[in-house]
Amino acid sequence: MSARRAYPMRDPAADGVPADLCPIATALNPMQPGDWRSLRPVVDRGKCVKCAVCWLYCPVQCVVERPAWFDIDLATCKGCGICATECPHRAITMIEEVAG
């Protein structure tokens, strides 16, 4: 598999960038936010009234709407806990992430 550059529209060599620099931002990182999160949110479906406060405050917009409640997309959640702090019904709790 060939490495993909993060900025394929630019050619560092043609732009005069030295070849001996640290390769920061020259290759895409396959790591997702959920790979390094230490806490993850859990929604209590019985307490969630779909007020959307968690959705409004989430800085990465990982809160997704379900028919009767809001849920969390753990692939993009960073585990910041803002949703749990702001939920007026205390329907979201943060639990320790376990290695998967």
Side-chain angles (χ1 to χ4, degrees):
M1 183 174 138
S2 65
R4 295 187 304 170
R5 290 198 329 247
Y7 303 101
M9 74 290 290
R10 309 268 330 230
D11 182 8
D15 291 340
V17 177
D20 61 348
L21 292 178
C22 183
I24 295 174
T26 59
L28 295 176
N29 188 336
M31 194 172 216
Q32 296 292 318
D35 296 339
W36 50 263
R37 149 182 83 232
S38 62
L39 296 173
R40 68 180 170 95
V42 176
V43 179
D44 183 342
R45 297 176 184 175
K47 290 182 178 179
C48 181
V49 298
K50 282 186 79 170
C51 66
V53 170
C54 57
W55 180 83
L56 289 170
Y57 278 93
C58 180
V60 294
Q61 291 301 296
C62 66
V63 179
V64 292
E65 186 176 7
R66 301 285 186 229
W69 68 89
F70 280 98
D71 209 354
I72 310 297
D73 178 5
L74 295 177
T76 56
C77 175
K78 295 182 178 189
C80 66
I82 293 173
C83 58
T85 302
E86 296 299 330
C87 179
H89 302 282
R90 299 294 173 241
I92 304 173
T93 55
M94 299 300 289
I95 64 168
E96 187 174 345
E97 185 69 76
V98 294

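Keep in mind that the numbers below use all heavy atoms, side chains included, and drop hydrogens, waters and symmetry copies.
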Exercise for the section: For Glu86, check salt bridge (Lys or Arg N to Asp or Glu O under 4.0 Å) against everything at least two apart and list the hits. Expected result: none

Exercise for the section: Kindly indicate whether the side chain of Lys50, heavy atoms from C-beta on, has any atom under 4.5 Å from the side chain of Arg66. Expected result: no

Problem - Verify same cluster id: Leu74, Ile95 (apolar side-chain graph, 4.5 Å) - result: no

Fill in the blank from the handout: Shortest non-hydrogen pair, Cys48 vs Phe70, comes out as SG-N, 3.5 Å

Problem - Single-linkage hydrophobic cluster, 4.5 Å side-chain cutoff, Val49 and Trp55 together - result: no

Exercise for the section: Heavy atoms only: give me the nearest Cys87-Ile92 pair and the separation to one decimal. Expected result: SG-N, 4.2 Å

Practice task
With rounding to the nearest 0.5 Å, note down the distance linking CZ in Arg45 to CG in Asp71.
Solution key: 6.0 Å

Practice task
Indicate yes or no: at least one non-hydrogen side-chain atom of Val63 is less than 4.5 angstrom from one of Ile72.
Solution key: yes

Practice task
Answer yes or no: are there more than 12 heavy-atom neighbours, outside Glu96 itself, under 6.0 Å from its atom CD?
Solution key: no

Exercise for the section: Supply the atom-to-atom distance Glu97 CD to Leu39 CG, rounded to the nearest 0.5 angstrom. Expected result: 8.5 Å

Practice task
First locate atom OG of Ser38, then atom CE of Met94, and finally report the distance between them rounded to the nearest 0.5 Å.
Solution key: 7.5 Å

Exercise for the section: Determine whether Arg37 and Cys77 make a side-chain contact, defined as any pair of heavy atoms from C-beta on separated by less than 4.5 Å. Expected result: yes

